[in-house]
Amino acid sequence: MEQPRKSLFSNLTFQIILAMLLGAVLGIYIHNNLSPEAAKEFSGYIKMLATIFIRLVQMIISPLVFTTLVVGIAKLGDIKAVGRIGGKALGWFFTASFVSLLIGLFFVNLLEPGVGLNLSDVDLASASEVTEKTQHFSAQNFIEHIIPKSIVEAMATNEILQIVIFSIFFGLAAASIGDFAKPVVHALDKTSHIILKMVNYVMAFAPLGVFGAIAAVFAVRDLDDLLLTYIKYFGSFMVGITSLWIVLLLVGYIFLRGRMTTLLKRIVSPLFIAFGTTSSEAVFPKLTEELERFGVRDRIVSFMLPLGYSFNLDGSMMYMTFASIFIAQAYGIDLSLGTQMTMLLVLMLTSKGIAGVPRASLVVVAATCGMFNIPIEGIALILPIDHFCDMFRSATNVLGNALATSVVGKWEDNPDPEITGT
């Protein structure tokens with residue numbers, strides 16, 4: 001019996017695109033017709049839609065990461081398998097991170113968006129929120145931070161990297177015990193499926209969340225002023241992020257061949273959700289579901305995706321070198337190639353585990369600037385345009401993690417079964 005054709009309006013991707021357009025129209029209308037005070041108040045209220053959606057997602061992130069990663073490691077069966085796949089994963093992650101950082105480094109030096117910038121109208125007070133977070137940023141604090149002192153605290157605050165560390169130890173212990181741990185692993189497996197079912201309910205709210213996020217931004221931002229003032233910065237960033245997409249897509253077609261087109265069709269909804277909400281974390285549950293439907297084994301997805309969200313944020317990596325050197329250019333600070341490469345390596349290490357932290361990229365950029373005697377308050381230069389850049393880097397993070405998971409799945413002799421359904 002032929003299944004009924006789904007209405008266009010029931011398609012989640014269409015709903016999200018429509019929500020983005022309606023949100024932009026409403027935000028621009030409010031900005032042009034209300035006083036700045038009233039527009040700011042409206043922005044605060046409408047943004048609650050986005051906040052509710054993000055919190056609904058955050059509600060299920062911790063248990064989903066824990067259950068899927070533990071089950072994924074336990075299903076791998078032995079420490080050798082975990083080491084083999086983990087080695088492939090980390091090799092991919094660090095290579096992708098280095099290439100992403102290098103692309104940002106190349107285009108910011110080629111296009112020089114910060115050279116000759118007028119700093120007279122910069123609101124330095126706006127950078128205080130970010131610069132305050134860098135006061136306690138150090139290599140020692142970073143190392144201490146990735147090791148959880150309490151898994152309950154890590155889950156309560158959605159510290160993904162800490163949860164990953166605990167889950168790896170838990171999963172390895174369960175795998176080493178063998179049959180004795182099977183009831184626990186089975187229970188966690190069933191729990192993960194229940195949480196994935198919750199994803200469907202949460203994703204139904206995604207268009208409203210995107211609508212609220214877009215409307216809130218356009219209600220308080222002068223679009224013409226933003227585009228005229230930062231057109232060189234944003235244009236240069238777009239050249240860099242587009243180049244990164246081209247590299248990722250080419251690599252995807254090299255390893256996945258014709259299946260890459262199918263993968264893109266599968267992840268189009270997560271890409272638009274990440275784009276609209278500026279949160280790659282918001283699509284973690286949905287991306288898990290779509291990659292399994294694509295044909296990647298659940299144990300690979302369960303193992304790779306949580307690691308990817310801690311170690312493989314390609315869009316954020318590209319942006320961090322780009323933004324750091326842009327600030328140096330704006331202040332007329334000439335950085336030698338050796339210094340820039342050192343900065344790249346510092347960013348490679350300090351950027352791990354930033355997923356889910358608001359404006360984490362800016363915090364890392366500010367901390368890196370401080371290490372290289374670049375004025376931290378230069379963050380204020382990019383704050384007005386950062387939201388729009390964040391939309392593109394969040395979507396890029398999703399593409400990078402989907403690609404990494406799919407390729408490692410293929411390397412592990414994934415049978416790529418024919419998957420039906422939507």
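Note: hydrogens, waters and symmetry copies are ignored here, and every other heavy atom, side chains too, is used.
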Between the side chain of Ser62 and the main-chain N/O of Met155, is any donor-acceptor distance below 3.5 Å? yes

Backbone of Phe294 reached by a side-chain donor or acceptor of Arg259 within 3.5 Å: yes

Distance, nearest 0.5 Å, that separates CZ of Arg266 from CD of Glu289: 9.5 Å

For the pair Ser43 (side chain) and Ala216 (backbone), establish whether a donor and an acceptor sit closer than 3.5 Å, ignoring hydrogens and angles. yes

Atom of Ala174, atom of Val185 and distance for their closest heavy-atom approach: CB-CG2, 4.1 Å

Within this structure, what is the CG-OH distance for the pair Leu403 and Tyr253, rounded to the nearest 0.5 Å? 11.0 Å

Can you check whether Ser302's main-chain N or O pairs, donor with acceptor, with Glu292's side chain at less than 3.5 Å? no

Once rounded to the nearest 0.5 Å, what's the spacing between atom NZ of Lys149 and atom CD1 of Ile147? 13.5 Å

Decide side chain to side chain donor-acceptor pair (under 3.5 Å) for Asn312 and Ser97; before the verdict, give the C-alpha distance in whole Å, the side-chain angles of both, and the deciding distance to 0.1 Å. CA-CA 6 Å; Asn312 189 48; Ser97 295; 4.7 Å; no

Would you say that Leu18 contacts Pro207 through its side chain, given a criterion of any heavy-atom pair below 4.5 Å between the two side chains? no

Where Asp314 and Ala96 come nearest, the two heavy atoms and their spacing: OD1-CB, 3.5 Å

Taking the side chain as every heavy atom from C-beta outward, state whether Lys286 and Ile267 have any pair of such atoms under 4.5 Å apart. no

If I take atom CG from residue Leu271 and atom CG from residue Leu287, how far apart are they, to the nearest 0.5 angstrom? 8.5 Å

Ser176 (side chain) donor-acceptor with Ala173 (main chain) under 3.5 angstrom: yes

Could you walk me through whether Phe275 and Val210 pass the side chain to side chain contact (heavy atoms under 4.5 Å, CB included) check? CA-CA 9 Å; Phe275 182 83; Val210 171; over 6 Å; no

Taking the side chain as C-beta and beyond, is there a heavy-atom pair between Met198 and Leu56 under 4.5 Å? no

Do Phe272 and Met20 touch side chain to side chain, with heavy atoms closer than 4.5 Å? yes

Should Gln340 and Asn109 be marked as a side chain to side chain donor-acceptor pair (under 3.5 Å) after you check the CA-CA gap, both sets of side-chain angles, and the distance that decides it? CA-CA 10 Å; Gln340 292 186 33; Asn109 281 288; 2.7 Å; yes

Within the side chain of Thr321, is there an N or O that forms a donor-acceptor pair under 3.5 Å with the backbone of Leu101? yes

Quick one: are the ring centres of Phe218 and Phe388 less than 6.0 Å apart? yes

Can you tell me if Ser192 uses its side chain to pair, donor with acceptor, with the backbone of Asp189 under 3.5 Å? yes

About how many Å separate CZ of Phe372 and CD1 of Ile374, when rounded to the nearest 0.5 Å? 7.5 Å

Quick check: do Glu290 and Ser269 have side-chain heavy atoms less than 4.5 Å from each other? no

Any side-chain heavy-atom pair from Ile325 and Met343 closer than 4.5 angstrom? yes

Apply the test side chain to side chain contact (heavy atoms under 4.5 Å, CB included) to residues Phe169 and Ile165: give CA-CA distance (whole Å), side-chain angles for both, the deciding distance (0.1 Å), then the verdict. CA-CA 7 Å; Phe169 277 95; Ile165 296 295; 4.0 Å; yes

Do Arg393's NZ or CZ and the ring of Tyr319 fall within the cation-pi criteria of under 6.0 Å and 45°? yes

Check the pair Ser336 / Thr339 against side chain to side chain donor-acceptor pair (under 3.5 Å), numbers first and verdict last. CA-CA 5 Å; Ser336 67; Thr339 302; 2.9 Å; yes

Trp245 and Phe392: aromatic ring centres closer than 6.0 Å? no

Which heavy atom of Pro113 sits nearest a heavy atom of Val108, and at what distance? CD-O, 3.6 Å

Applying ring pair (Phe, Tyr, Trp, His ring centres under 6.0 Å), which residue pairs with at least one partner in residues 174-196 are found, sequence neighbours left out? none

Any side-chain heavy atom of Leu21 within less than 4.5 Å of one from Ile214? no

Minimum-distance pair of heavy atoms, taken over all atoms of Ala215 and Phe42: O-CE2, 4.5 Å

Show your reasoning for whether side chain to side chain donor-acceptor pair (under 3.5 Å) applies to Ser394 and Asp390. CA-CA 6 Å; Ser394 295; Asp390 200 10; 3.3 Å; yes

For Leu263 against Ala402, the heavy-atom pair lying closest together: CD2-O, 4.2 Å

Ala154 and Ile163 have their tightest heavy-atom pair at O-CD1, 3.9 Å

Val70 and Phe66, any side-chain heavy atoms less than 4.5 Å apart: yes

Worked verdict on Lys88 versus Phe93 for side chain to side chain contact (heavy atoms under 4.5 Å, CB included): CA-CA 9 Å; Lys88 292 176 181 177; Phe93 295 159; over 6 Å; no

Do the two ring centres, one from Phe237 and one from Phe107, sit under 6.0 Å apart? no

Could you check whether atom CZ of Phe205 has more than 12 heavy atoms from other residues, nucleotides or ligands sitting under 6.0 Å from it? yes

From Asp298 CG over to Thr288 OG1, what is the distance, rounded to the nearest 0.5 angstrom? 11.0 Å

Would you say the side-chain atoms of Lys410 pair up with the backbone N or O of Phe255, donor to acceptor, closer than 3.5 Å? yes

Asn397 side chain vs Gly315 backbone, donor-acceptor pair below 3.5 Å: yes

Decide yes or no on side chain to side chain contact (heavy atoms under 4.5 Å, CB included) for Leu264 and Leu249, but give the supporting numbers first. CA-CA 9 Å; Leu264 291 175; Leu249 292 175; 3.9 Å; yes

